[in-house]
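Step one of this worksheet: look at the structure below.
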Amino acid sequence: MTKPTLTLDEIRKNVSRVDSELLALLAERRQLSIEVAKSKIQTEKPVRDPAREKILLEKLVTAGKKHELDAPYIVSIFHSIIEDSVLIQQAFLQKLANPDSAQPIARVSFLGPKGSYSYLAAKHFFSRKQTTLAELPCKSFKEVVEIVENGRADYGVLPIENTSSGSINDVYDQLQHTRLSIVGEITQPIEHCILTAVDTDLENIDCLYSHPQPYQQCSEYLRSLGDVKQEYCSSTAEAMQKVAEMKSGNVAAIGNASSGALYGLKPLKANIANQQENHTRFILVARNPVDVTDLIPAKTTFIMSTAQDAGSLVECLLVFRNHGINMTKLESRPVLGNPWEEMFYVDVEGNMSSEEMQKVLEELTSLTRYIKVLGCYPIENVSPTEIELD
Ligand SMILES: O=C(O)C(=O)C[C@]1(C(=O)O)C=C[C@@H](O)C=C1
């Protein structure tokens with residue numbers, strides 16, 4: 001057997017040295033991304049340049065081979081690095097475009113308590129924005145909205161749709177009646193686990209605590225557990241808090257493992273969602289709308305109600321098609337107090353300040369009974385540029 005020339009401690013010191021060199025290089029690359037963004041303001045070039053990304057990835061894969069680093073490894077690392085570069089540039093450009101909303105501290109309301117998925121989404125959203133969060137956990141989506149409306153919070157974070165359980169109706173209904181604008185979105189991976197306060201076995205669990213959404217999203221696994229009681233809580237974090245207080249081997253919470261750690265809970269079973277790819281899209285609301293620089297992709301959300309005549313919704317949707325605007329979401333919700341009347345929520349890829357979108361709004365105004373722009377905000381989803389690997 002070959003004996004290492006260094007002790008484990010010495011080898012680990014070397015590993016740590018290489019890691020800190022990697023960190024310094026990542027920080028240097030981030031700084032270069034900001035320089036790129038500055039140059040793009042001058043040249044008016046869009047942040048995203050897929051042709052450049054393709055060349056860069058192909059060169060890195062070839063160079064990686066010389067170091068015996070395999071292509072999928074290189075590609076996955078550089079997809080993350082490029083995603084970071086794009087999001088850092090977007091954050092930088094948005095700060096310049098909206099100097100009034102660039103505060104060092106942001107008071108953010110979310111469905112609490114601390115550790116909820118909304119809390120994780122808030123942290124994730126502000127992570128690249130050089131903003132410290134003043135956390136304002138709330139008891140309901142209504143309260144999240146209200147405290148932004150009355151000025152006690154600068155932003156509210158609200159889950160809007162999940163890849164397994166679909167739209168979050170309560171949030172859509174809040175949006176119908178608020179004067180707030182949507183100023184951002186973030187997609188958060190949802191990784192549900194069964195979490196307990198003490199070491200125990202799954203067979204001992206006779207009562208679960210969680211928010212209604214995770215029960216829906218994990219329904220198949222939960223059915224396999226048989227006769228286990230399900231208690232409803234206002235959030236996954238409240239469920240975790242309760243289970244932590246009970247310190248019993250017979251109860252468990254469903255929620256995220258890193259949030260569970262905040263409450264001293266340990267995962268007993270991971271990956272329990274019906275779909276492996278379980279993501280929730282969150283929106284950020286604020287009292288004032290934001291401007292989105294045309295160097296980055298933007299999304300606009302409308303609400304509208306149409307006349308109740310045959311084909312009136314189709315007429316509206318044709319407006320988007322005729323202007324080459326891609327619709328990414330269409331949702332309908334009943335109008336409270338007006339039975340059988342529907343309010344349509346439409347997300348499209350497009351910047352409200354563009355001439356095309358202004359024409360769209362004008363045409364829709366003439367076709368609808370009511371229309372309001374809920375917000376225009378940057379798309380933060382950076383789809384990876386794929387290259388052919390041989
Ligand atoms: O070179 C650019 O134009 C950049 O914006 C930098 C960068 C990168 O990080 O390498 C990021 C985004 C672009 O799509 C291409 C490359």
Side-chain angles (χ1 to χ4, degrees), residues 18-67 69-99 102 123-131 183-189 279 281 284 290-300 324-326 328 347-351 353-354 356-357 376-390:
V18 171
D19 287 349
S20 59
E21 283 169 19
L22 285 173
L23 287 181
L25 290 172
L26 288 172
E28 188 182 339
R29 199 186 192 285
R30 256 196 178 186
Q31 263 334 104
L32 290 171
S33 299
I34 303 284
E35 294 306 310
V36 169
K38 287 181 192 163
S39 110
K40 285 182 173 171
I41 301 174
Q42 306 297 318
T43 53
E44 295 184 8
K45 282 196 174 145
V47 164
R48 204 83 202 268
D49 181 346
R52 162 73 182 150
E53 286 181 26
K54 197 160 175 281
I55 293 170
L56 187 147
L57 289 169
E58 282 165 354
K59 278 192 177 159
L60 286 162
V61 165
T62 309
K65 274 188 193 147
K66 292 186 191 136
H67 297 281
L69 296 167
D70 57 279
Y73 176 58
I74 300 283
V75 169
S76 99
I77 288 177
F78 278 89
H79 275 160
S80 294
I81 290 176
I82 292 170
E83 179 187 45
D84 180 69
S85 165
V86 170
L87 294 176
I88 279 286
Q89 292 188 56
Q90 290 197 175
F92 176 80
L93 295 169
Q94 277 304 96
K95 216 171 181 176
L96 290 183
N98 300 276
K123 298 277 268 188
H124 185 181
F125 183 83
F126 286 98
S127 62
R128 290 186 179 86
K129 304 208 165 42
Q130 292 171 318
T131 305
V183 296
E185 67 168 1
I186 187 99
T187 302
Q188 180 70 25
H279 298 270
R281 190 166 68 88
L284 257 92
V290 287
D291 290 330
V292 184
T293 150
D294 50 15
L295 303 184
I296 68 178
K299 196 184 256 188
T300 299
I325 302 279
N326 185 31
T328 55
D347 285 353
V348 295
E349 284 174 355
N351 194 322
S353 67
S354 72
E356 210 61 43
M357 285 288 282
C376 174
Y377 44 97
I379 297 178
E380 303 238 352
N381 202 6
V382 182
S383 53
T385 296
E386 300 300 344
I387 59 163
E388 269 174 42
L389 299 178
D390 47 29

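In what follows, every heavy atom counts, from backbone to side chain, and hydrogens, waters and symmetry copies are set aside. Owing to the predicted nature of the structure, the values given are computational and were not obtained by experimental measurement. Atoms within a ligand are numbered from 1 in the order they appear, just like the ligands themselves.
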Roughly how far apart are L26 CG and E21 CD, rounded to 0.5 Å?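 So the CG of L26 and the CD of E21 are separated by 12.0 Å.
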Working to the nearest 0.5 angstrom, can you tell me the gap between K54 NZ and T385 OG1? 9.5 Å
Just so I know, are the side chains of T300 and I325 near enough to count as touching, which here means a heavy-atom distance under 4.5 Å?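 Contact flag for T300/I325 side chains = no.
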Heavy-atom nearest neighbour in the protein, as seen from [atom], with distance rounded to 0.1 Å:
atom                    : result
atom 14 (O) of ligand 1 : E53 OE2, 2.4 Å
atom 2 (C) of ligand 1  : K40 NZ, 3.4 Å
atom 9 (O) of ligand 1  : S85 OG, 2.7 Å

Looking only at heavy atoms, is any part of L56 under 4.0 Å from ligand 1, and if so is it the side chain, the backbone, or both, or is it neither? side chain
Check contact between K45 and ligand 1, using heavy atoms of the residue and a distance below 4.0 angstrom. no
Report yes if R29 has an N/O atom closer than 3.5 Å to an N/O atom of ligand 1; otherwise report no. yes
Over all heavy atoms of both residues, which pair between [X] and [Y] is shortest? Give the atoms and the distance, please.
X    : Y    : answer
K129 : E380 : NZ-OE2, 3.4 Å
A298 : V292 : CB-CG1, 3.8 Å
P189 : H279 : CA-ND1, 3.5 Å

Shortest heavy-atom approach to atom 12 (C) of ligand 1 - which of V86, T43, I81, V382: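 Checking each option, the heavy atom nearest atom 12 (C) of ligand 1 is found in V86.
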Contacting atoms of ligand 1, where contact means under 4.0 angstrom from a heavy atom of [X]:
X   : result
R48 : 14 (O)
Q89 : 4 (C), 5 (O), 6 (C), 11 (C)
V47 : 5 (O), 12 (C), 13 (C), 14 (O)
V36 : 2 (C), 3 (O), 4 (C), 5 (O)
R52 : 1 (O), 15 (C), 16 (C)

Under 3.5 Å: donor-acceptor pair, side chain of Q90, backbone of I379: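 Yes; at least one donor-acceptor contact below 3.5 Å.
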Could you tell me whether D347 and R281 have a side-chain N and a carboxylate O separated by less than 4.0 Å? yes
